[in-house]
*Asks:* 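Take this structure, written in structure tokens, and hold onto it; I'll ask about it next.
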Amino acid sequence: MAAIELSGVKKTYPGGIEVIHGLDLAIADGEMVVLVGPSGCGKSTLLRMIAGLETITDGTISIGGAVVNRREPAERDVAMVFQNYALYPHMTVRGNLEYGLRNRGTPRAEIDARVEAAARTLEIAPFLDRKPRQLSGGQRQRVAMGRAIVRQPKAFLFDEPLSNLDAKLRGQMRIEIRRLQRALGTTSVYVTHDQLEAMTLADRLVVMNGGHIEQVGKPTELYDRPASLFVAGFIGSPPMNLIDIETLRALTGAAFPPSLPVGTDIVGIRPDAIMMGPAGGGDISISGVVELIEPVGGESHLYVRVAGLDQAMVIVAQGRSVLSETGRLDFSLPVAALHPFSRATGKRLR
Amino acid sequence: MQTKRTIFPNRWLPYGLLAPQLAITLVFFIWPALQAVKSSFEREDPFGFKTTFIWFGNYAKLLADPLYLNSLWRTLIFAVLVTAIAMGVSLILAVAVNRLLRSGRVYTTLLVWPYAVAPVVAGILWWFMFNPSIGILSYLLGQLGVTWNHRVNADQAMILIVLAASWKQISYNFLFFVAGLQSVPASLSEAAAIDGAGPFKRFWTIVVPLLSPTTFFLLIVNINYAMFDTFGVIDATTSGGPAQSTNILVYKVYADGFLGLNIGSSAAQSVLLMLIVIILIVVQFRFVERRVQY
Amino acid sequence: MVENRPWLNVLTHLVLVVGVIVIAFPVYLAVIASTHDEGAFLRGVVPLLPGPHLLDNYGQMLSQGMSTSGAPPLTLMLANSLVMAIAIAVAKIAISIISAYAIVYFRFPLRTLAFWTIFITLMLPVEVRIIPTFKVVADLGLLNSYAGLTIPLIASATATFLFRQFFLTVPDELMEAARVDGAGPMKFFRDILLPLSRTNMAALFVILFIYGWMQYLWPLLVTTDTKFYTVVMGIKRMAAVADADPQWNLVMAAVVLAMLPPVLIVVFMQRLFVKGLVETEK
């Protein structure tokens, strides 16, 4: 087990396209860090640079205190779980689990013990003598996990390991990965584009965009205080409502709450922070027409068209909505729940 | 050109891996080809003491030589006939097999094995059947009043090599036509049937157009086969005769160079043949470009 | 089948039966001829039904050969053909799979040039460079040797392309997983890539064995010593003699023996054969 440190890491592809622009990140020993962002943001490239599958153009990556820039993947002592699992199709499950250990010259008895233990933990013992193609998607995923844990590496690297599974299985495996990582206490870096997966798995979440880190923090911190418009829009589902402050002023005709910092161009509000009914005590009242209601079980998502706004606002209402579509709705934005942003920098103010 | 997303970093290993293939290619392919190009511009004196550089002299002489032009013409006739017969017969057989379910496989087995018969052996088999003194086919033709003797009759010699060469190539074409036909979705034929097209109409309006990539590919392969792979057929049956009537280009290169020892002319013929192969390959790869990316 | 028209089904079978007969007839005649004695060919037309001399003819050809033709016994020629076909097939596969591996899994200066150099061999069939190639082989002292029979024929663009196409379909992650698991390039090749290529190698072996067995012009050029005659070129010599001194029964026995090994391979390994044929032409 080991801490991982990235400092000033850059990646330029042959042809001069820079995809990672000087990035710093410190991952503590035993920590589970999730890299999340839209496709093309550089999260997979970064993971593969840590693994040693991509060269590092500039900066340093160290694992357990040693700079590994020039080391082969195998010499970095990390294990990786791939999106398509990358199981060796001609080897049995046992063969897949053993391969990395045999290459390292681990003694036979030790190999058997470790495979045995991993198979028990992951409940794949009955399949040890089967070939990967005889297994279901979920079973293959477990084997891929098993191949990582038998190695007892310094770190686990996960490259979207659940995205080939159906929704139900994905939920189960997510919990299992979390449990396993906690139990083993192995430093882990996990890449995903699924923000629910990101929120639930991470000790710390790293939101990436265009080769930069937008924000690093605990999932709840990112949710409560997104540092930029990008993070605000990316974390949370349904996403935060973002409203131009001039439009809001024109809409409500109100003088603006002095509590917002100077220079606020855009305010954001989470759909679940919006209150139903007219406002009291200094909050902002708005009314609009309900366009669409999505009942999602315990709560409902209301899409409300407000005159003057380009986009419908989303409101999460607890319980079943009694409103009818096309009905008018009065609601209010609590001033304390507003997130102020600057348009020019895209950053949060305050 | 494509590689893997990640590659091994070794600097010298790939050269080592390529070395055997490249060494053989350079020594036995590229170097001799360059030698052929060089000799095609030279004239060797009869005793082999002196070579003179004569620019396009060999080519000029060749293209003015009625024997060479005759060989070109004979090659053309031969290639067209072999291609037409081998492709026509195999298409009919492939369509028939494609109509059947289980028994199709048995017929396939019975039809594909001539692929494994060497051209020279194919030549001997047909030469035996058409042998003027004891051949069964020449005997039957005699009964019909046709005197068969391919040793003196130029047209009969041509027919003999065309039949032998086509016979061997049918199995190859057949396999590719069957594969092509099987890739035509059954739903299209069914849709056409619902639209009221009978079996023959369906064949011409649905199957033939969709089969055209296979047909085009086979066209090139068959021309290539007829021009270059039939050396054995000729050598076993007619040896280019009678009176040069079956002396196709690839046989003439051999006869002039190896038996006649006319190095300059043979080299010029080789270079012209190379140009023909290059054209055929380029046409073939332009066509498959969409399937294969280099 | 969209509909069932009885006359069309009858026509289908009729076409195929005629096709099979036409295809098989020349070989049938050869087999029949190889079961008679010399006398059967003196009456002016070949016999159409089997005779009693099958064992005599084949026995004589295998053990002694045809004395008048100067060719050695068929057993030797068959063995030469076998050596040549297997050597060519194995060597072609071996050097092609490693060159494809270099081209797909490494990036190095002159990679594209190497690829095109291999590609060029497609444009240079032996028939068009006979004399200079013969000279090279003669200068290297390889005339009348197994090396001379095989080595000049083992460069293969088609086999290289086949393996290259196949390697490109192998998921990138497999190689990455192997590297993380501590496998270097040769270990990855041996442990992962080679086992995955088994079917392709087998299919290619079938095609290349047939290719090697059928070689005619090349053995004709480089062998003058009867010890190195292959069966395909040997029977041509016998046939040429038989034209003057007809021993058709013996020539046809040799023809049948020369055809048999590759034909049996096609018949009994039809699935691999078809795969190999279709894949190499892609």
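Treat the numbers as computed from the prediction; the structure is a model and nothing was measured. Every chain is numbered from 1 and lettered A, B, ... according to where its sequence line falls, protein lines coming before strand lines.
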*Asks:* Using non-hydrogen atoms only, which part of C/P125 is less than 4.5 Å away from chain B: side chain, backbone, both, or neither?
*Replies:*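 Looking at C/P125, just its side chain touches chain B.
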
*Asks:* So for atom OH, which belongs to C/Y28, do other residues, nucleotides or ligands contribute more than 12 heavy atoms lying within a distance under 6.0 Å?
*Replies:*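 Check passes, neighbour count above 12.
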
*Asks:* Heavy-atom cut-off 4.5 Å, strictly under: side chain, backbone, both or neither for C/M233 against chain B?
*Replies:*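 Neither part, no heavy atoms under 4.5 Å.
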
*Asks:* Closest approach of C/H13 and B/S103, non-hydrogen atoms and distance?
*Replies:*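 The answer is CE1-OG, 3.8 Å.
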
*Asks:* Can you see which heavy atom on C/I151 is nearest to which on B/I24, and at what distance?
*Replies:*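 Smallest heavy-atom distance, with atoms named: O-CG2, 3.7 Å.
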
*Asks:* Tell me which of these, C/A30, C/S99, C/P109, C/P262, has more heavy-atom pairs under 4.5 Å with chain B than the rest.
*Replies:*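 Maximum pair count with chain B is reached by C/S99.
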
*Asks:* So, B/S270 side chain and C/V128 main chain: donor-acceptor pair closer than 3.5 Å or not?
*Replies:*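 Between the backbone of C/V128 and the side chain of B/S270 there is a qualifying donor-acceptor contact (under 3.5 Å).
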
*Asks:* Specify the closest pair of heavy atoms between C/Y216 and B/G232, including all atoms of both residues, with the distance to one decimal.
*Replies:*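 Where C/Y216 meets B/G232 most closely, the heavy atoms are CD2-CA, 3.8 Å.
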
*Asks:* Test side-chain contact (heavy atoms from CB on, under 4.5 Å) on C/R111 and B/L18 and set out the steps.
*Replies:* CA-CA 10 Å; C/R111 193 171 66 100; B/L18 277 164; 5.9 Å; no

*Asks:* Taking side chain as everything from C-beta outward and backbone as N, CA, C, O, which of these in B/V112 sits under 4.5 Å from a heavy atom of chain C? Side chain, backbone, both or neither.
*Replies:*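 Both backbone and side chain of B/V112 come within 4.5 Å of chain C.
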
*Asks:* Among B/T6, B/L110, B/V253, which has the most heavy-atom pairs under 4.5 Å with chain C?
*Replies:*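 If we count pairs closer than 4.5 Å to chain C, B/T6 comes out on top.
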
*Asks:* Are C/L122 and B/F285 side-chain neighbours, meaning at least one heavy-atom pair lies under 4.5 Å?
*Replies:*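 Sidechains of B/F285 and C/L122: in contact.
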
*Asks:* Nearest 0.5 Å, please: how far is CG in B/L13 from CZ in C/F108?
*Replies:*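 Answer rounded to 0.5 Å: 9.5 Å.
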
*Asks:* Counting only heavy atoms closer than 4.5 Å, note whether B/W113 contacts chain C via side chain, backbone, both or neither.
*Replies:*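 Both parts, backbone and side chain.
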
*Asks:* Could you tell me whether the side chain of C/W248 reaches within less than 4.5 Å of the side chain of B/N131, counting heavy atoms only?
*Replies:*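 They are in contact (side-chain heavy atoms under 4.5 Å apart), so the answer is yes.
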
*Asks:* Any idea which of B/Y254, B/W167, B/F228 has the most non-hydrogen atom pairs under 4.5 angstrom with chain C?
*Replies:*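 Most pairs with chain C among the choices: B/W167.
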
*Asks:* Heavy-atom distance under 4.5 Å to chain C: side chain of B/K168, backbone, both or neither?
*Replies:*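 The answer is the side chain of B/K168.
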
*Asks:* Main chain of B/R5, side chain of C/D172: is a donor-acceptor contact present, judged purely on distance under 3.5 Å?
*Replies:*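 Indeed, once roles are kept as given, a pair shorter than 3.5 Å links the two residues.
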
*Asks:* What residue in C/P152, C/A94, C/A91, C/G19 has the most heavy-atom pairs under 4.5 Å with chain B?
*Replies:*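 So the answer, after comparing C/P152, C/A94, C/A91, C/G19, is C/P152.
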
*Asks:* I'd like to verify something: which residue of C/I265, C/I23, C/I235 has the highest number of heavy-atom pairs under 4.5 Å with chain B?
*Replies:*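 That would be C/I23.
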
*Asks:* If you count heavy-atom pairs within less than 4.5 Å of chain C, which of B/L273, B/V89, B/I136 leads?
*Replies:*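 When all of B/L273, B/V89, B/I136 are compared, B/I136 has the most.
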
*Asks:* Which bit of C/L260 is near chain B, if near means a heavy-atom gap under 4.5 Å: side chain, backbone, both or neither?
*Replies:*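 Neither; nothing under 4.5 Å.
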
*Asks:* Counting heavy-atom pairs under 4.5 Å with chain C, which one of B/L272, B/L175, B/V271 comes out on top?
*Replies:*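 Most heavy-atom pairs within the cutoff with chain C belong to B/L175.
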
*Asks:* List the atom of B/I124, the atom of C/V255, and the distance in Å for their closest heavy-atom pair.
*Replies:*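 Closest approach of B/I124 to C/V255: CG2-CG2, 3.9 Å.
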
*Asks:* Taking C-beta and beyond as the side chain, do C/L140 and B/V27 meet within less than 4.5 Å on heavy atoms?
*Replies:*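 Yes, close enough: below the 4.5 Å cut-off.
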
*Asks:* Compare every heavy atom of C/A33 with every heavy atom of B/F128, then report the nearest pair and how far apart it is.
*Replies:*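 For B/F128 versus C/A33, the nearest heavy atoms are CZ-CB, 3.8 Å.
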
*Asks:* Hey, does the side chain of B/K4 reach the backbone of C/V170 with a donor-acceptor pair shorter than 3.5 angstrom?
*Replies:*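 Pair found, side chain donor or acceptor close to backbone of C/V170.
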
*Asks:* Chain C heavy atoms under 4.5 Å from B/Y15: which part of the residue, side chain, backbone, both or neither?
*Replies:*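 Side chain only.
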
*Asks:* Please rank C/T117, C/V274, C/V18 by heavy-atom pairs under 4.5 Å with chain B and give me the top one.
*Replies:*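 Most pairs with chain B among the choices: C/T117.
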
*Asks:* State, yes or no, whether a side-chain contact exists between B/L125 and C/M259 at a heavy-atom distance under 4.5 Å.
*Replies:*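 Touching, per the 4.5 Å side-chain cut-off.
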
*Asks:* Heavy-atom distance under 4.5 Å between the side chains of C/L217 and B/D235, does that happen here?
*Replies:*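 SC-SC contact between C/L217 and B/D235 ruled out.
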
*Asks:* Quick check: closest heavy atoms across C/S156 and B/Q21, and the distance to 0.1 Å?
*Replies:*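 Result for this residue pair: N-OE1, 3.1 Å.
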
*Asks:* Mind ranking B/V117, B/V121, B/L280, B/V250 by heavy-atom pairs under 4.5 Å with chain C and telling me who comes out on top?
*Replies:*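 Highest number of pairs under 4.5 Å: B/V117.
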
*Asks:* Could you walk me through whether C/I131 and B/S266 pass the side-chain contact (heavy atoms from CB on, under 4.5 Å) test, one step at a time?
*Replies:* CA-CA 8 Å; C/I131 291 165; B/S266 173; 3.5 Å; yes

*Asks:* Any heavy-atom pair between the side chains of C/V126 and B/F29 that's under 4.5 Å?
*Replies:*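 The answer is no; the side chains never approach within 4.5 Å.
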
*Asks:* With side-chain contact (heavy atoms from CB on, under 4.5 Å) as the criterion, how do B/V277 and C/L124 come out once you've worked through the C-alpha distance, each side chain's angles and the decisive distance to 0.1 Å?
*Replies:* CA-CA 8 Å; B/V277 189; C/L124 302 171; over 6 Å; no

*Asks:* Rounded to the nearest 0.5 Å, how far apart are CZ of C/F273 and OG1 of B/T109?
*Replies:*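 One gets 10.5 Å once the value is rounded to the nearest 0.5 Å.
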
*Asks:* Quick check on B/I278 against chain C: is it the side chain, the backbone, both or neither that has a heavy atom closer than 4.5 Å?
*Replies:*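 The answer is both parts of B/I278.
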
*Asks:* Any idea which of C/K92, C/R179, C/K135, C/M186 has the most non-hydrogen atom pairs under 4.5 angstrom with chain B?
*Replies:*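 Between C/K92, C/R179, C/K135, C/M186, the count favours C/R179.
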
*Asks:* Decide yes or no for B/Y115 and C/L277: does some side-chain heavy atom of the first lie under 4.5 Å from some side-chain heavy atom of the second?
*Replies:*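 The answer is yes; the side chains approach within 4.5 Å.
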
*Asks:* Counting heavy-atom pairs under 4.5 Å to chain C, which of B/Q35, B/Q269, B/M274 comes out on top?
*Replies:*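 Of the candidates given, the most pairs with chain C belong to B/M274.
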
*Asks:* Please determine, among C/S96, C/P132, C/A24, the option with the most heavy-atom pairs under 4.5 Å with chain B.
*Replies:*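 The candidate making the most pairs under 4.5 Å is C/P132.
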
*Asks:* Do C/L16 and B/L100 touch side chain to side chain, with heavy atoms closer than 4.5 Å?
*Replies:*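 When only atoms from C-beta onward are counted, B/L100 and C/L16 do touch, with a gap below 4.5 Å.
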
*Asks:* Once the angle between the rings of B/F258 and C/F134 is folded into 0 to 90°, is it parallel (under 30°), tilted (30 to 60°) or perpendicular (over 60°)?
*Replies:*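 Rings of B/F258 and C/F134: perpendicular, over 60°.
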
*Asks:* So for B/V97, is it side chain, backbone, both, or neither that comes closer than 4.5 Å to the heavy atoms of chain C?
*Replies:*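 The answer is both parts of B/V97.
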
*Asks:* What orientation do B/F200 and C/W7 show, parallel under 30°, tilted 30 to 60°, or perpendicular over 60°?
*Replies:*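 It falls in the parallel class, under 30°.
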
*Asks:* If I measure from the heavy atoms of chain B, does C/F167 come under 4.5 Å with its side chain, its backbone, both, or neither?
*Replies:*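 C/F167 touches chain B through backbone heavy atoms alone.
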
*Asks:* Can you say whether C/L48 sits under 4.5 Å from chain B via the side chain, the backbone, both, or neither, judging by heavy atoms?
*Replies:*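 Interface part for C/L48: side chain.
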
*Asks:* Counting only N and O atoms by type, is there a donor-acceptor contact under 3.5 Å from the side chain of C/E127 to the main-chain atoms of B/F231?
*Replies:*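 Such a contact is absent between C/E127 side chain and B/F231 backbone.
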
*Asks:* Between atom CZ of C/F106 and atom CD1 of B/I7, what is the distance when rounded to the nearest 0.5 Å?
*Replies:*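 Reported to 0.5 Å precision, the distance equals 8.5 Å.
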
*Asks:* As an exercise, state the distance from CD1 of C/I120 to OG1 of B/T25, rounded to the nearest 0.5 Å.
*Replies:*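 One finds 9.5 Å between CD1 of C/I120 and OG1 of B/T25.
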
*Asks:* Please classify the contact of B/L93 with chain C as side chain, backbone, both or neither, using a heavy-atom distance under 4.5 Å.
*Replies:*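 Both parts, backbone and side chain.
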
*Asks:* What part of B/I281 gets closer than 4.5 Å to chain C, counting heavy atoms only: side chain, backbone, both or neither?
*Replies:*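 Contact with chain C is through the side chain of B/I281 alone.
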
*Asks:* For side-chain contact (heavy atoms from CB on, under 4.5 Å), just list the numbers for C/T121 and B/I30, CA-CA rounded to whole Å, side-chain angles, deciding distance to a tenth of an Å, and then say yes or no.
*Replies:* CA-CA 8 Å; C/T121 58; B/I30 310 254; over 6 Å; no

